[in-house]
Amino acid sequence: MEILDGKKVAKEIRENLKQEVELLRKRGIIPKLAVIMCGNDPASTIYVRNKSKACKEIGIEYEEYLLSDNVTMDELLNVIDNLNNKKDVHGILLQSPIPKGLDINEAFNKIFYKKDVDGFNPVNVGKLCIGQDSFISCTPYGIIKLLEEYNIQIEGKNAVVIGRSNIVGKPVSQCLLNKNATVTICHSKTKDLPEITKKADILIAAIGKPKFISSSMVKKGAVVIDVGINRKNDGTICGDVDFDEVSKKASYITPVPGGVGPMTIAMLMNNVVKAAKEN
Ligand code: NDP
């Protein structure tokens with residue numbers, strides 16, 4: 001069994017991006033990311049801090065727009081509109097969740113697709129579906145990069161994705177399909193889940209339930225990608241996969257933390273640099 005070391009791969013990606021940013025800066029292009037956050041959700045605060053740290057390390061300028069819990073949809077759309085029109089801002093990211101009562105899809109619609117570094121605008125979602133160059137959302141993109149970095153074949157494999165959210169399950173399924181895997185998408189209404197997961201050559205868990213995937217659900221030699229971030233009572237985090245047991249059966253497995261999480265941030269940085277180069 002080999003660990004898919006997202007932390008190490010992400011560091012290499014960030015180092016390469018740092019050099020790219022240096023070259024861009026010499027040409028007078030200073031990549032800039034604007035992050036919008038509504039309210040002060042503790043998990044979001046940590047994610048946003050990590051993103052700002054990564055920007056600083058790479059040489060990407062970073063601007064934060066902290067809106068209150070009571071922000072209205074019009075106010076939020078207005079902030080996005082202003083950022084769409086700012087020439088020096090290359091990437092716009094709206095940190096989720098946003099307060100109840102606001103429509104996150106309407107907000108994603110508003111982000112100009114060429115600045116949509118999270119890949120949630122319907123234009124980018126559509127482009128991904130028809131195989132055109134687009135901003136691919138960062139977690140799915142990071143998963144594919146990690147598989148590629150370890151030379152894990154995707155084409156022709158049975159890939160099973162558990163979870164069908166717009167931010168992980170659906171786009172990662174589409175990415176795997178684009179790479180010629182045979183993809184099965186499972187969700188809470190799926191019948192006989194273990195029967196399906198046991199056939200997976202590549203198993204992706206994006207559920208949000210601690211240690212949901214037990215070793216009896218996994219085929220011997222499977223590649224197991226754990227997207228889950230579940231906070232335990234003691235403040236530490238664990239994934240959706242029972243790592244200790246499943247790692248005895250898998251050929252490759254991602255740890256939590258240190259697997260998909262760092263790859264997500266690295267691919268965000270990648271997308272900001274791409275936006276700066278293309279705008
Ligand atoms: P969502 O809650 O939006 O989606 C969870 C999915 O799991 C849903 O499709 C749901 O099905 C499915 N599900 C829930 N229970 C079961 C079950 N018993 N059997 C089968 N399927 C089930 O979560 P996200 O996609 O946003 O995130 C998933 C996890 O990944 C979370 O832990 C999140 O924190 C983490 N995450 C990690 C990231 C990273 O960078 N590492 C980035 C983003 C998320 P249904 O649709 O039927 O409700």
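As the structure lists them, so they are numbered: ligands from 1, and atoms in each ligand from 1.
- With hydrogens and angles disregarded, a donor-acceptor distance shorter than 3.5 Å links the side chain of N271 to the backbone of V117.
- The ring-ring contact (aromatic ring centres under 6.0 Å, His included) analysis of residues 123-161, with sequence neighbours excluded, yields no pairs.
- Residue contact check for ligand 1: V260 places a non-hydrogen atom closer than 4.0 Å to it.
- Under the side-chain contact (heavy atoms from CB on, under 4.5 Å) criterion, I98 pairs with C38, L76, L94, L102, I104, sequence neighbours left out.
- Atom 21 (N) of ligand 1 has H187 C, 3.1 Å as its closest protein atom, hydrogens excluded (heavy atom only).
- Looking only at protein heavy atoms, the nearest one to atom 26 (O) of ligand 1 is I167 CD1, 3.5 Å.
- Atom 42 (C) of ligand 1 has as its closest protein heavy atom T139 OG1, 3.3 Å.
- Looking only at protein heavy atoms, the nearest one to atom 15 (N) of ligand 1 is K209 NZ, 3.1 Å.
- Each of I265, L268, T45 was scored for a side chain to side chain contact (heavy atoms under 4.5 Å, CB included) with N50, with one residue passing: I265.
- Closest heavy-atom approach to atom 2 (O) of ligand 1 among the candidates V161, I207, D240: I207.
- Contact of the T190 side chain with the I196 side chain is registered, since non-hydrogen atoms from C-beta on lie closer than 4.5 Å.
- Here the shortest heavy-atom distance to atom 6 (C) of ligand 1, taken over S96, A206, G169, S165, belongs to A206.
- Of the listed residues (C186, P140, G142, S188), the one carrying the non-hydrogen atom nearest atom 10 (C) of ligand 1 is S188.
- Comparing G208, G6, G239, G261 by heavy-atom distance to atom 29 (C) of ligand 1, the nearest is G208.
- Put simply, the side chain of K115 gets close to the backbone of V89: a donor and an acceptor are under 3.5 Å apart.
- Shown here is D234, whose CG atom has more than 12 heavy atoms of other residues, nucleotides or ligands within 6.0 Å.
- Side-chain polar atoms of D74 and T72 form no donor-acceptor pair below 3.5 angstrom.
- Ligand 1 has no N or O atom lying under 3.5 Å from any N or O atom of F212, backbone or side chain.
- Taking all heavy atoms of V168, D226, I225, T264 into account, the minimum distance to atom 39 (C) of ligand 1 is reached by T264.
- Nearest protein neighbour of atom 41 (N) of ligand 1, counting heavy atoms only, is V227 O, 3.4 Å.
- Between C175 and the options I144, V183, V161, a side chain to side chain contact (heavy atoms under 4.5 Å, CB included) holds for only I144.
- Heavy-atom proximity to I162, at under 4.0 Å, picks out these atoms of ligand 1: 20 (C), 21 (N).
- In this comparison of G163, P97, S137, the heavy atom closest to atom 12 (C) of ligand 1 sits on G163.
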